[in-house]
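Everything on this sheet refers to the single structure shown next.
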Amino acid sequence: MRDRVVEIFAELVSAHDGLQLKGKKMPYTSMNGNMFSFVDPSDVLCLRLSETDQAAFEVEHGTGDVIQHGSVMRGYVPVPGAMLEDMDALQAVFAKSVANAKALKPKPTTRKK
């Protein structure tokens with residue numbers, strides 16, 4: 001299952017110039033220092049959306065919060081498994097996630113030089 005979810009995620013990412021899939025244990029994408037999508041340890045694709053898009057997605061798909069390490073990840077929605085088979089719908093919501101990431105304030109990196 002995990003391989004299939006990561007494969008679908010990689011396909012979504014490859015459709016957007018300049019994006020790359022990062023992470024080996026937990027595949028994710030980031031832009032300007034802000035992570036905006038990832039596959040969690042239970043093989044669920046999670047996307048960060050604007051407040052408006054998140055509310056609409058939750059109502060339309062009946063999803064709840066994304067919880068990692070006991071904390072709610074604000075702004076993220078879990079993608080229902082059935083949606084993974086509808087690439088058109090998935091690409092549309094991923095595009096909204098990318099647009100939201102572009103609008104986020106850049107975070108400074110703290111890499112050692």
Side-chain angles (χ1 to χ4, degrees):
M1 175 68 177
R2 181 167 189 79
D3 290 340
R4 180 68 181 134
V5 174
V6 173
E7 182 181 304
I8 291 167
F9 187 31
E11 188 176 334
L12 289 172
V13 172
S14 69
H16 294 266
D17 289 338
L19 287 184
Q20 78 179 69
L21 199 56
K22 301 175 183 179
K24 291 185 182 192
K25 282 190 168 187
M26 188 183 88
Y28 72 97
T29 59
S30 66
M31 184 179 299
N32 296 325
N34 294 294
M35 183 173 73
F36 67 92
S37 61
F38 65 95
V39 176
D40 77 4
S42 61
D43 304 333
V44 175
L45 176 59
C46 302
L47 303 175
R48 187 175 186 177
L49 299 172
S50 67
E51 287 183 24
T52 305
D53 290 337
Q54 179 184 1
F57 188 90
E58 288 173 345
V59 169
E60 183 178 346
H61 298 285
T63 61
D65 295 325
V66 172
I67 300 173
Q68 295 291 307
H69 306 289
S71 297
V72 173
M73 294 188 69
R74 291 187 346 231
Y76 285 86
V77 295
V79 174
M83 189 176 191
L84 295 176
E85 302 306 318
D86 184 352
M87 192 52 87
D88 290 338
L90 197 52
Q91 285 181 350
V93 74
F94 188 73
K96 288 180 181 182
S97 184
V98 171
N100 181 59
K102 287 179 181 177
L104 294 173
K105 181 179 176 183
K107 283 187 176 180
T109 59
T110 57
R111 275 191 214 161
K112 292 183 179 182
K113 295 182 181 182

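These values consider heavy atoms only, across backbone and side chains, with no hydrogens, waters or symmetry-generated copies.
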Grab the two heavy atoms, one from [X] and one from [Y], that are nearest each other, plus how far apart they are.
| X | Y | value |
| --- | --- | --- |
| Asp43 | Val39 | CA-CG1, 4.0 Å |
| Lys105 | Asn34 | O-ND2, 2.9 Å |
| Tyr28 | Gly23 | CE2-N, 3.8 Å |

Worksheet item: In terms of hydrophobic clusters joined by side-chain contacts under 4.5 Å, are Phe38 and Leu49 together?
Response: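 Different clusters: Phe38 never reaches Leu49 through Ile, Leu, Val, Met, Phe, Trp or Tyr contacts under 4.5 Å.
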
Fill in: Joint hydrophobic cluster, Tyr76 plus Val93, side-chain heavy atoms closer than 4.5 Å
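Shared cluster, no.
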
Fill in: Spacing of Met26 atom CE and Lys24 atom NZ [to the nearest 0.5 Å]
15.0 Å

Fill in: Atom pair CG/NZ of Leu47 and Lys96 - distance to nearest 0.5 Å
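NZ of Lys96 is found 11.5 Å from CG of Leu47.
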
Worksheet entry | Donor-acceptor contact present, side-chain Ser97 to main-chain Arg48, <3.5 Å | yes

Donor-acceptor list for residues 51-75 side chains, cut-off 3.5 Å, not counting sequence neighbours:
residue, atom, partner, partner atom, Å
Asp53, OD2, Ser50, OG, 3.3
Gln54, NE2, Glu58, OE2, 3.1

Side chains of residues 5-21: which donor-acceptor partners sit under 3.5 Å, not counting sequence neighbours?
residue, atom, partner, partner atom, Å
Glu7, OE2, Arg4, NH1, 2.7
Ser14, OG, Ala10, O, 3.4
Ser14, OG, Glu11, O, 2.9

Worksheet item: Heavy-atom distance under 4.5 Å between the side chains of Asn32 and Leu104, does that happen here?
Response: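 In short, these two side chains do not touch, never coming nearer than 4.5 Å.
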
Fill in: Trace of the side-chain contact (heavy atoms from CB on, under 4.5 Å) decision for Leu90 with Leu45
CA-CA 10 Å; Leu90 197 52; Leu45 176 59; 4.2 Å; yes

